[in-house]
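Only one structure is covered here, and it is reproduced in the block below.
Letters go in sequence order (proteins before strands), and every chain restarts at 1. The figures that follow rest on heavy atoms only: side chains count, while hydrogens, waters and symmetry mates do not.
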Number of protein chains: 2
Amino acid sequence: MTSAGNGASPTIYDVAQAAGVAPSTVSRTFSRPGRVNAQTAERIRQVAAELGYRTNPLARGLPTGRTSLLAIVVADVTNPFFFEIIRGAEKTARDAGYTLLMVDAHESDEAERRALDRTLPLVEGLILATSRLSDSSIRVAAKQRPTVVMNRHMTDVPSVLTDNAQGMRSAVEHLAGLGHTSLAYVAGPEASWADGMRWRAFREATRETDVQARRIGPFAPTLAGGLSAAKSLVKHPATAAVAYNDLIAIGAMRGLRRLGVEVPRDLSIVGFDNIFGSDFCTPPLTTVAAPLRHFGSFAVQRLLAQLRPSPAPAAGPTLLPAKLVERGSTARPA
Amino acid sequence: MTSAGNGASPTIYDVAQAAGVAPSTVSRTFSRPGRVNAQTAERIRQVAAELGYRTNPLARGLPTGRTSLLAIVVADVTNPFFFEIIRGAEKTARDAGYTLLMVDAHESDEAERRALDRTLPLVEGLILATSRLSDSSIRVAAKQRPTVVMNRHMTDVPSVLTDNAQGMRSAVEHLAGLGHTSLAYVAGPEASWADGMRWRAFREATRETDVQARRIGPFAPTLAGGLSAAKSLVKHPATAAVAYNDLIAIGAMRGLRRLGVEVPRDLSIVGFDNIFGSDFCTPPLTTVAAPLRHFGSFAVQRLLAQLRPSPAPAAGPTLLPAKLVERGSTARPA
DNA sequence: GTGAAAGCGCTAACAC
DNA sequence: GTGTTAGCGCTTTCAC
């Protein structure tokens, strides 16, 4: 029973009837213009507009799988780390005719999995930005939809990542160059692949540079996490610290100030990511900057490459450079 | 043709066949447990798990309209203003069994409309956070799905807003109390409903308080916008300014410093929203704080109220209080 | 170029 | 409790 003028939204059947054509012709008019006589199409469009017809993506997606939707799942939208990433991803997606849906996983694999169950079937492709999921869970998702992971290396899933090792090395060398001989790494969440990489790179870089290294944490990758990190930091003999990310670094600086420790006079701090706010906090944060916007854009590009009918290119990781931005939170040891 | 073991994802038909039951029984097992014999259900679940079956929300949503999805469209995700809002909204949605999809409209009504066309049919309800759409466009959307608007008053669509007038009044009184007699309002985007309200409230408050008022702008509600605002600011005789939002305020403070104007010594600045970063910028920003997290939560609650089978309650706006947070960016005039 | 008809995967009466 | 049977709104062969 096709609704005529009642509450429900009009369908192609309503439009077809009003325009005196078959439903399939209406469908073609919108899904593949050109296959329809120009005048007929014109008339149909007009009737459709009058009726307020809108194609229903749900119904369209069922038979075809084409929804023009992409999803990016982030561990925590409120983490400014994602700002530029989302920006870049959104723009690239939009330019290609896709709409990017964002889903917040709340730093929880449980929530992430549930969100995935609900959204995966709706979208044509998926970006997992700093996922907290296990490799095998990611593989399951990647089996269902083209997937790109960020900040995480997987052999069988295309990935985009920043050169953590290089970034960490430049941070450690910077600190060592200033004369620091005992460094601390303020760790982020344990489930984070990036944290593992950074800690490893830290160890290596400190060994090469011949300075002492220790690790404190893990801490939540938030301002609050940094606040608690400050307490551990004052107990340790290090004169400089590299934090898992800027949020922790900024939080730590605030916490240290409250504890009477002045940055960078008493302790130097280096962050990671160069997020919104890292340039206007006090002191401005020295940090390892990733090309965040390109990051998002690249991820979408790799996704689109998989979406194209032609055989998808190989799955090697895309490595983006990271470079140290020297600001006010680092100085020579007292 | 029901796929057996080929590439496509398994359907209820595959599960039904494997479990030796009817497809409808499989459907019931997942859509309304309890209506199925416990043992049968158990067996079905097991078979489903083995086959890797996942219910397809697209297919489920077509006949029912139930997708367990809600959408929040924001003008710009990278605006920290939305942080806590999204947080609150997401949590409330999740607790109610919904997944919240976020869509970035890029401060563009065009993009917002297109995103809406694509997502509206997928979701059960919609939150428009600081929409750049016209009232009539919003009404069109609201006709299709239960909708709540934030930061904007509409008689026929439920809304959640902060008490801009009260917040502005406290800002102006604070400044007047410090001895300022000439204030500037640094305007945000013209399409912003909140900007209109704040400017109006500013005029009224300054009139009541008997101080001079002027308006400069409009500026983009971003750090960059604030940077340009700084240039206009130095040309004007005001000794204090209230900015449309914190982003502009923070950007302006940075711009002013470059121009040799010291805040708050030479110029006092008050922001709006109390966003992430406003407490750790230099100087810490005095700002009108809205209960952001509650804001998002309330919006979802109102949405859920409309979703419930029982007749939706009336559409009056929910007004949330705003209060001034005094920090370091305001002082007595020189 | 256009129409008829068969699904896409699921839910929802309606029987049994 | 469970099976049967229509659809949900759209796309897509296949005829004409």
Nearest to side-chain heavy atoms of A/R60, which nucleotide of C/dT11, D/dC10, D/dT12:
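Of the options given, the side chain of A/R60 lies nearest D/dC10.
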When you measure from the side chain of A/A59, which nucleotide among D/dC10, C/dA12, D/dT2 comes out closest?
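Nearest listed nucleotide: D/dC10.
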Between B/F83 and A/F83, does the ring centre distance come in under 6.0 Å?
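So the answer is yes for these two rings.
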Is [X] salt-bridged to [Y], going by a charged N under 4.0 Å from an acidic O?
X: B/R66; Y: B/E124; result: yes
X: A/R94; Y: A/E90; result: yes
X: B/K91; Y: B/D95; result: yes

Contact list for DNA chain C against residues 37-53 of chain A - heavy-atom distance below 4.0 Å:
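By residue number: A/N37, A/T40.
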Can you measure [X] atom [atom1] to [N] atom [atom2] for me and round it to whole angstrom units?
X: A/L62; N: D/dT12; atom1: CG; atom2: C1'; result: 14 Å
X: B/I12; N: D/dG7; atom1: CD1; atom2: C1'; result: 13 Å
X: B/Q17; N: C/dG9; atom1: CD; atom2: P; result: 14 Å
X: B/R35; N: C/dC14; atom1: CZ; atom2: C1'; result: 14 Å
X: B/F30; N: C/dA12; atom1: CZ; atom2: P; result: 15 Å
X: A/N56; N: D/dT11; atom1: CG; atom2: P; result: 9 Å

Base of D/dT12 paired with side chain of A/T64 (donor-acceptor, under 3.5 Å)
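Absent.
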For a quick check, tell me whether the side chain of B/Y13 and the base of C/dC10 share a donor-acceptor pair closer than 3.5 Å.
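Such a pair is found, so the answer is yes.
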Name the nucleic acid region contacted by A/R66, choosing base, sugar-phosphate or nothing; use a 4.0 angstrom heavy-atom cut-off, strictly under.
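No contact.
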For B/S31, report the nucleic acid contact type (base, sugar-phosphate, nothing); a contact means any heavy atom under 4.0 Å.
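The residue B/S31 makes sugar-phosphate contact but no base contact.
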Between B/R118 and A/L69, is there a donor-acceptor pair closer than 3.5 Å when you use the side chain of the first and the backbone of the second?
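Flag not set: sc B/R118 to bb A/L69 has no pair under 3.5 Å.
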Donor-acceptor under 3.5 Å (A/R145 side chain, A/P121 main chain):
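Yes, the answer is positive, given that a donor and an acceptor are paired below the 3.5 Å cut-off.
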If you assign B/R28 and B/L58 each to the DNA chain C nucleotide with the nearest heavy atom, which residue ends up on the more 5' nucleotide?
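It is B/L58 whose nearest nucleotide is closer to the 5' end.
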Check the phosphate of C/dG3 against A/T25, side-chain N and O only, distance under 4.0 Å to OP1 or OP2. Yes or no?
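Yes, because at least one side-chain N or O of A/T25 sits under 4.0 Å from OP1 or OP2 of C/dG3.
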Parallel, tilted or perpendicular, judged at 30° and 60°: which one describes the rings of B/F81 and B/F295?
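Because their plane-to-plane angle is over 60°, the rings of B/F81 and B/F295 count as perpendicular.
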